[in-house]
Student: 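Sending over a structure as structure tokens; questions will come in a sec.
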Amino acid sequence: MSETTGTTPGSPSGASYAAAGVDIEAGDRAVELMKEWVKKTRRPEVLGGLGGFAGLFDASALKKYERPLLASATDGVGTKVDIARQLGVYDTIGHDLVAMVMDDIVVCGAEPLFMTDYICVGKVHPERVAAIVKGIAEGCVLAGCALVGGETAEHPGLLGPDDFDVAGAGTGAVEADRLLGPDRIREGDAVVAMASSGLHSNGYSLVRHVLLERAGLALDARVEEFGRTLGEELLEPTKIYSLDCLALTRTTEVHAFSHVTGGGLAANLARVIPEELHARVDRGTWTPAPVFDLVGRTGDVEQLELEKTLNMGVGMIAIVPEGSVDAALATLGDRGVDAWVVGEVTGRQDHATGATLEGSYAR
């Protein structure tokens, strides 16, 4: 004997995944839309296509190494995703994700091989998810790696319908005897800076608090110093340096790289400086972009607080022997990377930290 439920005859009466807020069909459509972008990242070592349970990468490619070391990293984009959400612009945030992951991997001299992504949304909007993946795929092309798979998760009730977050993990490989890092650095080495494209993907909690919450600036307001709107400036994609760094290792001697992310220039540079040495960085060798001044001036943020939160115009550092400086600058210049000597490695004196910024910024 059936129970009366008050529904019309033939209609489903039980709970369902769709009723709980998860739309499987929308997820399938998102996968179909992103396939063409993922194909653009394909390397010869990739096996199979999008849609399998695991991405496959032919490890026999590592036979060209005598002693291959695998390098891995994982990261996200942080609260910069909220700027993308507010503006409804989703196809640039993927560049930030790839940069955060693959530029960490290349620091040790490793070639980026492949990457996977994780996109978490409150509600699957297929075109929106596909736009995010488009940006990730374009970033992978710029980094020289393959996008071998990922996951799109729908979390209704936990995230709002327009909320989302992205994360990723990557793998690279480096010959053991070509591993870069503190062991190679010597007193007298030059510190070469590579310009950032803007804020990159760090410190947006401070930036949003200062510019949007406290100052109440509108994202669609044009800012004369930027020559574009505030939103366009804040969404400028993080520069991906992976192939530029690898080019340096092929054309000249490099001892170490440092990716300038959370913590700022001094703290990240200190991570690769051996205990017995010290890196001096001269602020007077460059002028930070206007966006850094706007954040500092608008929020009355002290310079040291800015410097430990934002990159201040330097996104990657290369530490090279003094005799390699000209070749390094020439290689980067040929690749369209704005680079300059920003300091030097000296013997450690007193109780100085691993790296310090000295002087005043050029105006």
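Here, residue 1 is the first one in the sequence, and each next residue gets the next number.
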Student: Does the side chain of Arg228 reach to within under 4.5 Å of the side chain of Val223, using non-hydrogen atoms?
Tutor: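 Not touching, per the 4.5 Å side-chain cut-off.
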Student: Can you tell me how far CD of Glu233 sits from CZ of Phe226, rounded to the nearest 0.5 angstrom?
Tutor: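 If we round to the nearest 0.5 Å, Phe226:CZ and Glu233:CD are 4.5 Å apart.
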Student: For residues Leu329 and Val325, determine if any side-chain heavy atom of one lies less than 4.5 Å from a side-chain heavy atom of the other.
Tutor: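 Sidechains of Val325 and Leu329: in contact.
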Student: Is the shortest side-chain N to carboxylate O distance from Asp244 to Arg335 below 4.0 Å?
Tutor: yes
Student: Could you walk me through whether Val295 and Asp293 satisfy the side-chain contact (heavy atoms from CB on, under 4.5 Å) test, starting with their C-alpha distance in whole Å, then the side-chain angles of each, then the deciding distance to 0.1 Å, before giving a yes or no?
Tutor: CA-CA 5 Å; Val295 175; Asp293 179 64; over 6 Å; no
Student: Once side chain to side chain donor-acceptor pair (under 3.5 Å) is applied, do any residues pair with Asn311, and if so which ones, sequence neighbours excluded?
Tutor: Ser196
Student: Under a single-linkage definition using a 4.5 Å side-chain heavy-atom cutoff for Ile, Leu, Val, Met, Phe, Trp and Tyr, are Val101 and Leu142 assigned to the same hydrophobic cluster?
Tutor: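 Yes, Val101 connects to Leu142 through the hydrophobic network.
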Student: Is there side-chain contact between Val192 and Trp340, with heavy atoms separated by less than 4.5 Å?
Tutor: no
Student: Could you report the tightest heavy-atom contact between Ser205 and Thr79, atom names first, then the distance?
Tutor: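 In terms of heavy atoms, the two residues are closest at N-OG1, 3.2 Å.
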Student: Among Lys239, Glu138, Glu236, which residue satisfies the side-chain hydrogen bond (donor to acceptor under 3.5 Å, both in side chains) criterion with His95?
Tutor: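 Testing His95 for a side-chain hydrogen bond (donor to acceptor under 3.5 Å, both in side chains) against Lys239, Glu138, Glu236 leaves exactly one candidate, Glu138.
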Student: Are any of the side-chain heavy atoms of Ile83 and Leu212 separated by less than 4.5 Å?
Tutor: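 Yes, at least one pair of side-chain atoms sits under 4.5 Å.
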Student: Describe, in one word, how the ring planes of Phe57 and Phe114 are oriented to each other, choosing from parallel (under 30°), tilted (30 to 60°) and perpendicular (over 60°).
Tutor: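 It falls in the tilted class, 30° to 60°.
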Student: Quick one: hydrophobic cluster around Leu304, which other residues, with the 4.5 Å side-chain cut-off, linked directly or via members?
Tutor: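 Via sub-4.5 Å side-chain contacts, Leu304 links to none.
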Student: Just verifying a value: how many Å separate Glu232 CD and Thr92 OG1, rounded to the nearest 0.5 Å?
Tutor: 11.0 Å
Student: Can you get from Leu180 to Leu332 by hopping between Ile, Leu, Val, Met, Phe, Trp and Tyr side chains that sit under 4.5 Å apart?
Tutor: yes
Student: Flag the pair Glu66 and Arg178 as a salt bridge only when some basic side-chain nitrogen lies within less than 4.0 angstrom of an acidic carboxylate oxygen.
Tutor: no
Student: More than 12 heavy atoms of other residues, nucleotides or ligands under 6.0 Å from CD of Glu322: yes or no?
Tutor: no
Student: Distance-only, no hydrogens or angles: does the Thr287 side chain make a donor-acceptor pair with backbone N or O of Ala362 under 3.5 Å?
Tutor: yes
Student: Using a strict threshold of under 4.0 Å (side-chain N to carboxylate O), is an ion pair present between Glu344 and Arg280?
Tutor: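 Salt bridge flag = yes for Glu344 with Arg280.
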Student: Taking Leu235 as the fixed residue, which of Leu230, Leu199, Val89 is the one that meets the side chain to side chain contact (heavy atoms under 4.5 Å, CB included) rule?
Tutor: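 Of the listed residues Leu230, Leu199, Val89, the side chain to side chain contact (heavy atoms under 4.5 Å, CB included) partner of Leu235 is Val89.
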Student: Do Cys145 and Leu113 touch side chain to side chain, with heavy atoms closer than 4.5 Å?
Tutor: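 No, every pair of side-chain atoms sits at 4.5 Å or beyond.
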Student: To the nearest 0.5 Å, what is the distance between CG (Leu243) and CG (Leu248)?
Tutor: 11.5 Å
Student: For Ser324 and Val320, indicate whether the former's side chain and the latter's backbone hold a donor-acceptor pair under 3.5 Å.
Tutor: no
Student: Does Glu213, at its CD atom, have more than 12 non-hydrogen atoms belonging to other residues, nucleotides or ligands within less than 6.0 Å?
Tutor: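 Correct, the count exceeds 12.
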Student: For Arg85 and Asp162, run salt bridge (Lys or Arg N to Asp or Glu O under 4.0 Å): C-alpha distance rounded to whole Å, both residues' side-chain angles, the deciding distance at 0.1 Å, then the answer.
Tutor: CA-CA 7 Å; Arg85 179 191 63 79; Asp162 291 327; 5.8 Å; no
Student: Side chain of Thr74, backbone of Gly168: donor and acceptor closer than 3.5 Å?
Tutor: yes
Student: Mark yes when over 12 heavy atoms from residues, nucleotides or ligands other than Arg67 sit less than 6.0 Å from its CZ; otherwise mark no.
Tutor: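 No - once you tally the heavy atoms of other residues, nucleotides and ligands closer than 6.0 Å, there are 12 at most.
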Student: Looking only at side chains, do Asp96 and Thr238 share a donor and an acceptor under 3.5 Å apart?
Tutor: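 Yes, because at least one side-chain N or O of Asp96 sits under 3.5 Å from a partner of the opposite role on Thr238.
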Student: Between Thr229 and Leu219, is there a side-chain heavy-atom distance shorter than 4.5 Å?
Tutor: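 A side-chain contact is absent here, since even the closest heavy-atom pair is not under 4.5 Å.
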Student: Please find the pair of heavy atoms, one from Ile319 and one from Leu269, that lie closest to each other, and give the distance.
Tutor: CD1-CD1, 3.8 Å
Student: Going through the distances and angles, do Phe164 and Leu159 end up as a side-chain contact (heavy atoms from CB on, under 4.5 Å)?
Tutor: CA-CA 7 Å; Phe164 74 100; Leu159 298 176; 5.8 Å; no
Student: Is Glu225 salt-bridged to Arg297, going by a charged N under 4.0 Å from an acidic O?
Tutor: yes
Student: Is the CG atom of Asp58 crowded by more than 12 outside heavy atoms at less than 6.0 Å?
Tutor: yes
Student: When you compare the side chains of Glu253 and His255, does any donor N or O come within less than 3.5 Å of an acceptor on the partner?
Tutor: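 A donor-acceptor contact under 3.5 Å links the two side chains.
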Student: Assess whether atom CZ of Arg208 is packed by more than 12 heavy atoms of other residues, nucleotides or ligands within 6.0 Å.
Tutor: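 Yes, the 6.0 Å shell around CZ holds more than 12 heavy atoms from other groups.
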Student: Quick one: closest heavy-atom pair of Ala266 and Leu357, and the distance?
Tutor: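 Nearest heavy atoms, Ala266 then Leu357: CB-CG, 4.3 Å.
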Student: Where do Tyr90 and Val81 land on the side-chain contact (heavy atoms from CB on, under 4.5 Å) test, with the steps shown first?
Tutor: CA-CA 9 Å; Tyr90 303 99; Val81 298; over 6 Å; no
Student: Charged N to carboxylate O under 4.0 angstrom, Asp189 versus Arg186?
Tutor: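 No salt bridge links Asp189 with Arg186.
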Student: Does the pair Ser72 and Thr171 meet the rule for a side-chain hydrogen bond (donor to acceptor under 3.5 Å, both in side chains), with working shown?
Tutor: CA-CA 4 Å; Ser72 67; Thr171 299; 5.8 Å; no
Student: Check whether Thr331 reaches the backbone of Ala327 with its side chain - one donor and one acceptor, N or O, closer than 3.5 Å.
Tutor: yes
Student: Which pair of non-hydrogen atoms, one from Lys80 and one from Leu234, has the smallest distance, and what is that distance?
Tutor: CE-O, 3.1 Å
Student: To the nearest 0.5 Å, what is the distance between OH on Tyr118 and CG on Leu97?
Tutor: 13.5 Å
Student: Do Ile273 and Ile185 come within less than 4.5 Å of each other through their side chains, counting heavy atoms only?
Tutor: yes
Student: If you look at every heavy atom in Asp103 and Ser242, which pair is closest and at what distance?
Tutor: OD1-OG, 2.9 Å
Student: Could you grab the distance from atom CZ of Phe257 to atom CE of Met316, nearest 0.5 Å is fine?
Tutor: 7.0 Å
Student: If I take atom CD from residue Gln86 and atom CG from residue Asp220, how far apart are they, to the nearest 0.5 angstrom?
Tutor: 10.5 Å
Student: Tell me, please, whether Tyr65 has Lys63 positioned over its six-membered ring: NZ or CZ under 6.0 Å from the ring centre and within 45 degrees of its axis?
Tutor: no
Student: Decide, yes or no, whether a salt bridge links Arg283 with Glu307 under the criterion of side-chain N to carboxylate O below 4.0 Å.
Tutor: yes
Student: Verify the neighbour count for atom CG of Asp300: are there more than 12 heavy atoms of other residues, nucleotides or ligands below 6.0 Å?
Tutor: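 No, because the 6.0 Å sphere around CG of Asp300 holds 12 heavy atoms or fewer from other groups.
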Student: Which atoms form the tightest heavy-atom contact between His155 and Cys120, and what is the distance?
Tutor: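 Looks like ND1-SG, 3.1 Å.
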Student: Quick one: do Met312 and Tyr204 end up in the same hydrophobic cluster if we chain Ile, Leu, Val, Met, Phe, Trp and Tyr together by side-chain heavy atoms under 4.5 Å apart?
Tutor: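 Same cluster: Met312 reaches Tyr204 through Ile, Leu, Val, Met, Phe, Trp or Tyr contacts under 4.5 Å.
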Student: Is it true that atom CD of Glu302 has more than 12 heavy atoms of other residues, nucleotides or ligands lying nearer than 6.0 Å?
Tutor: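 Not buried by this count: 12 neighbours or fewer within 6.0 Å.
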Student: Okay, side chain of Thr116, backbone of Gly150: is any donor-acceptor separation there less than 3.5 Å?
Tutor: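 No: the side chain of Thr116 does not pair with the backbone of Gly150.
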Student: Report the C-alpha separation of Asn268 and Thr261 in whole Å, then their side-chain angles, then the decisive distance to 0.1 Å, and conclude whether the side-chain contact (heavy atoms from CB on, under 4.5 Å) test is met.
Tutor: CA-CA 7 Å; Asn268 283 286; Thr261 56; 3.7 Å; yes
Student: Between Leu179 and Asp177, is there a side-chain heavy-atom distance shorter than 4.5 Å?
Tutor: no
Student: Would you call the rings of His259 and Tyr241 parallel, tilted or perpendicular if under 30° counts as parallel and over 60° as perpendicular?
Tutor: perpendicular
